[in-house]
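All remarks here apply to the structure that follows.
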Amino acid sequence: MKIALVSTYPPFPCGIARYTQSLITPLSSMKGIEPVVISEGGRSENIHNCPIHDSYSRHTQFTEKILSRIEEEKPDLVHLQHAPDLFPDIEQFIQLINEIERRGIGLVVTIHTADTGRSSRLDWKQLYTTILSHGHIIVHNSAFRDALCYY
């Protein structure tokens with residue numbers, strides 16, 4: 001199974017970039033799993049024969065650039081890392097989710113920032129329901145789970 005992780009990646013200065021980097025080792029060691037990273041700011045380290053593609057910027061039309069790389073890589077599953085600052089244009093992010101599903105590719109989204117009721121920058125309900133109608137959500141702790149269950 002080929003898994004495309006869409007995320008920031010080192011040397012991009014970001015905790016989520018390091019989180020994605022830490023996922024590569026176990027994924028690469030699993031029999032039958034072939035990870036590839038579609039990154040913002042990442043560079044290949046030639047670890048575990050996992051390609052790292054610096055493919056998009058959050059400040060551009062990222063949907064088209066990510067989809068183009070997905071078309072090239074042909075993954076079975078796309079794993080998006082989400083936080084409002086990683087994908088500030090929520091409409092583009094929703095479009096990306098819809099296009100991944102339209103292509104018949106599995107989808108998992110890790111939510112790195114929970115709705116705590118303090119941010120009106122995005123419609124959390126729209127985000128959660130769109131993801132869940134097309135794939136699965138990974139949360140990091142009970143606070144994130146509780147925020148998701150609120151809807």
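Treat the numbers as computed from the prediction; the structure is a model and nothing was measured. If you read the sequence from its start, that first residue is 1, and numbering goes on from there.
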query: Is any side-chain heavy atom of I111 less than 4.5 Å from a side-chain heavy atom of I131?
result: yes
- request: Evaluate the side-chain contact (heavy atoms from CB on, under 4.5 Å) criterion for residues F87 and V6: first the C-alpha distance (whole Å), next the side-chain angles of each, then the deciding distance (0.1 Å), finally the verdict.
  value: CA-CA 11 Å; F87 292 102; V6 179; 4.1 Å; yes
Rounded distance (nearest 0.5 Å) linking atom CG of L67 with atom CZ of F62: 10.0 Å
- request: Look only at the side chain of T25 and the backbone of S22, and say whether a donor-acceptor pair between them is shorter than 3.5 Å.
  value: no
- prompt: Say you draw a straight line from OH of Y9 to OG1 of T20; how long is it, rounded to the nearest 0.5 Å?
  reply: 8.0 Å
field: Spatial distance of atom OG (S7) from atom NE2 (H79) [nearest 0.5 Å]
entry: 8.0 Å
Least distance between heavy atoms, T60 atom then Q92 atom: O-NE2, 3.4 Å
- line: Between I105 and P75 the two heavy atoms that sit nearest each other are CG2-O, 3.7 Å
message: The criterion is side-chain hydrogen bond (donor to acceptor under 3.5 Å, both in side chains); which residues satisfy it with E34, sequence neighbours excluded?
response: none
query: Minimum heavy-atom separation for A83 to I16, with atom names?
result: CB-CD1, 4.1 Å
Student check: side-chain heavy atoms of I138 and Q81 closer than 4.5 Å: no
message: Show every salt bridge (charged side-chain N to carboxylate O under 4.0 Å, His left out) that has at least one partner inside residues 8-26, sequence neighbours left out.
response: none
- request: Only counting residues at least two apart or in another chain, list the ones meeting ring pair (Phe, Tyr, Trp, His ring centres under 6.0 Å) with F12.
  value: none
- prompt: Are V36 and M1 co-members of a hydrophobic cluster defined by side-chain heavy atoms under 4.5 Å apart?
  reply: no
task: Mind running side-chain contact (heavy atoms from CB on, under 4.5 Å) on L80 and F93 for me, showing each step along the way?
output: CA-CA 10 Å; L80 300 169; F93 189 75; 3.8 Å; yes
query: Can you list every salt bridge (charged side-chain N to carboxylate O under 4.0 Å, His left out) pair that touches residues 49-61, not counting sequence neighbours?
result: E40-R58
Donor-acceptor side-chain pairing of E73 and H53 below 3.5 angstrom: yes
query: With sequence neighbours left out, what residues match E64 under salt bridge (charged side-chain N to carboxylate O under 4.0 Å, His left out)?
result: none
- request: For residues I100 and I66, determine if any side-chain heavy atom of one lies less than 4.5 Å from a side-chain heavy atom of the other.
  value: no
message: Suppose the criterion is salt bridge (charged side-chain N to carboxylate O under 4.0 Å, His left out): which pairs have a residue in residues 92-104, not counting sequence neighbours?
response: E71-R103, E99-R102, E99-R103
task: Please report the closest heavy-atom contact between P51 and P35, naming both atoms and the distance.
output: CD-O, 3.7 Å
task: Check the side chains of H82 and T110 for a donor-acceptor pair under 3.5 angstrom, ignoring hydrogens and angles.
output: no
- prompt: Quick one: are D76 and I3 in side-chain contact, heavy atoms under 4.5 Å?
  reply: no
task: Heavy atoms only: give me the nearest P10-A17 pair and the separation to one decimal.
output: CD-O, 3.2 Å
field: Side chain to side chain, N98 and H134, heavy atoms closer than 4.5 Å
entry: yes
task: Find the distance between CG (L107) and CD1 (I97) and round it off to the nearest 0.5 Å.
output: 6.0 Å
task: Please lay out, stage by stage, how L86 and C14 fare under the test side-chain contact (heavy atoms from CB on, under 4.5 Å).
output: CA-CA 10 Å; L86 294 183; C14 172; 4.3 Å; yes
task: May I ask you to test the L23-L5 pair for a side-chain heavy-atom distance under 4.5 Å?
output: yes
message: Which heavy atom of R69 sits nearest to which heavy atom of I38, and what is that distance?
response: CG-CG1, 3.5 Å
field: Nearest-0.5 Å distance, CG of residue L96 to OG1 of residue T130
entry: 12.0 Å
